[in-house]
Amino acid sequence: MSTSQLPPPSNFIRTIISEDLENGRREQVITRFPPEPNGYLHIGHAKSFSLNFGLAEDFSGQCHLRFDDTNPVKEEDEYVEAIKEDVSWLGFDWGDHLYFASDYFDQLYLWAVQLIKAGKAYVDSQTVEQMRETRGTLTQAGVDSPFRNRTIKENLELFEKMKNGDFPDGTHILRAKIDMSSPNMNLRDPAMYRILHAHHHRTGDKWCIYPMYDFAHGQGDSIEGVTYSICTLEFEDHRPLYEWFIKELGIFAPQQIEFARLNLSYTVMSKRKLLQLVNDKHVSGWDDPRMPTLVGMRRRGYPPEAIRMFCERIGVGKGASWIDLSVLEECVREQLNKSSLRRQAVLNPLKVTISNYPADKVEELDAPNHPQQPELGTRKLPFSHELYIDRDDFMEEPPKKFFRLGPGREVRLRNGYIIKCDEVIKDENGEVIELKCSADLDTLGKNPVGRKVKGIIHWVSASQAKKVGVRLYDRLFKEENPDKAANYLDALNPESVKVSTALVEPSLLNAEPGTTFQFERVGYFTVDSKDSQPGKPVFNRTVTLRDTWAKLK
RNA sequence: UGGGGCGUGGCCAAGCGGUAAGGCACCGGAUUUUGAUUCCGGCAUUCCCAGGUUCGAUCCCUGGCGCCCCAACCA
């Protein structure tokens, strides 16, 4: 299901697939999303799996979810479950096609033996350091390992012993016998299997040798009948190796296609760094609302449709591109504008007394839940002689383009009356602490004749307003590209969150965790799913509203 | 300096020899009890540069220039 009415935008991958289908080179489209379960998914992964699942949907094919769990020391079940949840959250469905690279360990082992028998693989007994030295450099050919010409029999025996656990980690390794002088480093006898006496999250202690990515990925694709193995650009140099294994093994050949990974400004995307942010407590966890993880965005209040829209909007190419964070935020606004109920909340209160309104009177005003969607109904908004407005909406000496409240000025109370500021009360320090106003009681639901009041401000009734916790989030990093700083941690935005309170209309007190409201004229706020208590919600600011006035200033 | 990629407006991105889609941003203007939303209009004589082929080139060729990736028993 596409999030937009428009046909999916054309891109080079779609073009390749369409052509293959037309000329009969392929008959169906099978893609796959192959995360390693060693961390939480982030927005960059969303780009990848939206592409893979999207392509499968568009061409009536199938997209598999396959966990690339070939490195047991980094992988955990916790991540497997989290990843499944995130993919589902965005609305994608892998059906019965849930796989693990570890499902193929037996087959992979057999294939390794097959290559040894064919003289295409050998057991190397050099140390890591020796291998590094003999591999050569980017401009210098490598040299053959002294173990390169072991007999097939010897290799078979050694590999079997590796499997049986006769050797400690790091003592031997199975390598493909390709070309130590290849200009492509990946072809200089790449590692196929390493010894790792480690417990695997799924296969337990069955194995003490594990296949490398390069020896597992293409074969996994092949076994599953994946027709298009779509990955990021850094694997371009691996493609010849991917194809080499497929060819030598004589198995079904998927096509690997590479696209540019997502770069988002004011964000870091590397798992290592995200993990460090969590471990070093720069954020509260993987699901901190400032994190670029899907769990973080969910908690922040980003709707899944917005993330889908974002992925579609940014397109797919091969050039290293940088997307501005504001593009994502704009998608969030676009989505939330349609779906969020409107409420009033004051973040920075300034007391207002309506002098011509009875002190003991409380009126229940009707306010629409959504101005463009009357079918969403209305709610009651209490009004009394004592209110709070936002300090930003009053200026003692307003500039010409300011059309909010000022001494002697008139303004519309959103969903209420027009009021006029008669008197400004200050404390001993000269700070404004209260405004005395008078209301034009004939302006409820209608405009006065003979004068136009342009300004509209939000407010809450003092005695009925409820105080709630709010967290005002901003971008996690202050630098556009945190990786350009000497240390990306130096680029952290010290003001990425401000913990504060807000006075809100009473109906908000029982809001369900996870729901998002628009605090009119302020922004979108989501009831935090972790820290809210029944009757005691805590609000996360998801994103502010567009503010052309702030830009004017 | 070996190999693999990429260069289209501020940011993405179509186009694949016939005379520059679209989105976002931006700038006008209209509507509006959110300076929000919505709506209407504007926004590349030019596709990294220089030559060449062609009636015609962003698309083909040659040569430059710039940027990204690769030397884990990570993925």
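These figures come from a predicted structure and were not determined experimentally. Throughout, a chain's letter reflects where its sequence line sits, starting with A, and its residues are numbered from 1.
- Residue A:Leu365 is classed as having no contact, given no heavy-atom separation below 4.0 Å to the nucleic acid.
- Of the side-chain N and O atoms in A:Ser10, one or more sit less than 4.0 angstrom from OP1 or OP2 of B:G15.
- Proximity of A:Arg261 to the phosphate of B:A75: no side-chain N or O atom is located under 4.0 Å from OP1 or OP2.
- The side chain of A:Ile456 lies closest to B:G35 when the candidates are B:G35, B:C70, B:A75.
- One finds no side-chain N or O of A:Arg333 lying less than 4.0 angstrom from the OP1 or OP2 phosphate oxygen of B:U38.
- In this structure, B:A71 makes no Watson-Crick or G-U wobble pair, since no nucleotide meets both defining distances under 3.5 angstrom.
- At a threshold of 4.0 angstrom between heavy atoms, the contacts of A:Phe403 include nucleobase atoms, whether or not backbone atoms are also involved.
- Where A:Gly170 and A:Ser326 meet RNA chain B, the nucleotide closest to each residue was compared, and A:Ser326 sits on the side nearer the 5' end.
- Ring orientation note: the planes of A:His172 and A:Phe167 are tilted relative to one another, at an angle of 30° to 60°.
- In the set B:A75, B:G35, B:A72, the nucleotide with an atom closest to the side chain of A:His238 is B:A75.
- Distance from the side chain of A:Arg521 is smallest for B:U34 among the nucleotides B:C24, B:G2, B:U34.
- Note: NZ (A:Lys446) to C1' (B:U32) measures 20 Å, nearest angstrom.
- Contact annotation: side chain of A:Gln518 to base of B:U34, donor-acceptor pair present below 3.5 Å.
- Nucleotide B:G66 forms a pair with B:C6, judged by Watson-Crick or G-U wobble geometry with both contacts under 3.5 Å.
- You won't find any donor-acceptor pair under 3.5 Å spanning the side chain of A:Arg239 and the base of B:G4, going by distance alone.
- As judged by a 4.0 angstrom heavy-atom cut-off over every strand, A:Lys401 is placed among the base-contacting residues.
- A:Gly445 comes within contact range of at least one nucleobase, with a heavy-atom separation under 4.0 Å.
- Nearest to the side chain of A:Glu36, among B:A14, B:C74, B:U37, sits B:C74.
- Counting non-hydrogen atoms under 4.0 angstrom, A:Lys452 reaches nothing in the nucleic acid.
- Nearest nucleotide to the side chain of A:Gln372, out of B:A36, B:A75, B:C12: B:A36.
- Among the protein residues, A:Gly416 comes within range of the nucleic acid bases, having at least one heavy atom under 4.0 Å from a base atom.
- Note: A:His200 and A:Tyr210 have parallel aromatic rings, judged against thresholds of 30 and 60 degrees for the angle between ring planes.
- For the pair A:Arg546 and B:A25, the criterion of a side-chain N or O lying under 4.0 Å from OP1 or OP2 is met.
- Searching all strands for a Watson-Crick or G-U wobble partner of B:A30 with both distances below 3.5 Å returns B:U38.
- At the phosphate of B:C69, neither OP1 nor OP2 sits under 4.0 Å from any side-chain N or O atom of A:Lys318.
- If you check every strand for non-hydrogen atoms under 4.0 Å, A:Phe402 touches a base.
- Using a 4.0 Å heavy-atom distance criterion, A:Ile314 is classed as a sugar-phosphate-only contact.
- A:Val316 comes within 4.0 angstrom of sugar-phosphate atoms only, judged by non-hydrogen atoms across all strands, and of no base.
- Taking the nucleotide of RNA chain B with the nearest heavy atom to each of A:Lys47 and A:Ile173, the more 5' of the two is matched to A:Lys47.
- Looking at the side chain of A:Thr139, the nearest of the listed nucleotides B:U37, B:U1, B:G35 is B:U1.
- Atom-to-atom, CE of A:Met131 to P of B:C73 comes out at 5 Å; the value is rounded to the nearest Å.
- Rounded to a whole Å, the CD1 atom of A:Ile457 is 18 Å from the C1' atom of B:U32.
- You'll find that the side chain of A:Arg313 is closest to B:G23, out of B:U34, B:G23, B:A75.
- Atom CD of A:Glu234 is separated from atom P of B:G5 by 15 Å (rounded to the nearest Å).
- Contacts of A:Asn38 with the nucleic acid, taken as non-hydrogen atoms under 4.0 Å apart, are absent.
- Among the heavy atoms of the strands lying under 4.0 Å from A:Thr548 are primed sugar atoms or P, OP1, OP2 only; no base atom is included.
- Within the nucleic acid shown, A:Ser182 has no heavy atom closer than 4.0 Å to any nucleic acid atom.
- Taking only side-chain atoms of A:Asp237, from C-beta outward, the nucleotide of B:C73, B:G3, B:A25 with the closest atom is B:G3.
- Between A:Ile457 and A:Arg521 the shortest side-chain heavy-atom distance falls below 4.5 Å.
- Per the geometry, CZ belonging to A:Arg132 stands 7 Å off P belonging to B:A72, to the nearest Å.
- In terms of phosphate contacts, A:Ser321 brings no side-chain nitrogen or oxygen within less than 4.0 Å of OP1 or OP2 of B:C11.
- Under the Watson-Crick and G-U wobble criteria, each requiring two contacts below 3.5 Å, nucleotide B:A21 is left unpaired.
- Using a 4.0 Å heavy-atom cutoff across all strands shown, A:Glu133 reaches no nucleic acid atom at all.
- In this model, a side-chain donor or acceptor of A:Arg412 finds a partner on the base of B:U33 within 3.5 Å.
- Shown here, B:A72 is classed syn by the O4'-C1'-N9-C4 or O4'-C1'-N1-C2 angle, which is within 90° of 0.
- Base contact: A:Arg414 has a heavy atom under 4.0 Å from a base atom.
- Look at B:A57: it lacks any Watson-Crick or wobble partner with both distances under 3.5 angstrom.
- Between A:Arg194 and B:C74 there is a side-chain N or O to OP1 or OP2 distance below 4.0 Å.
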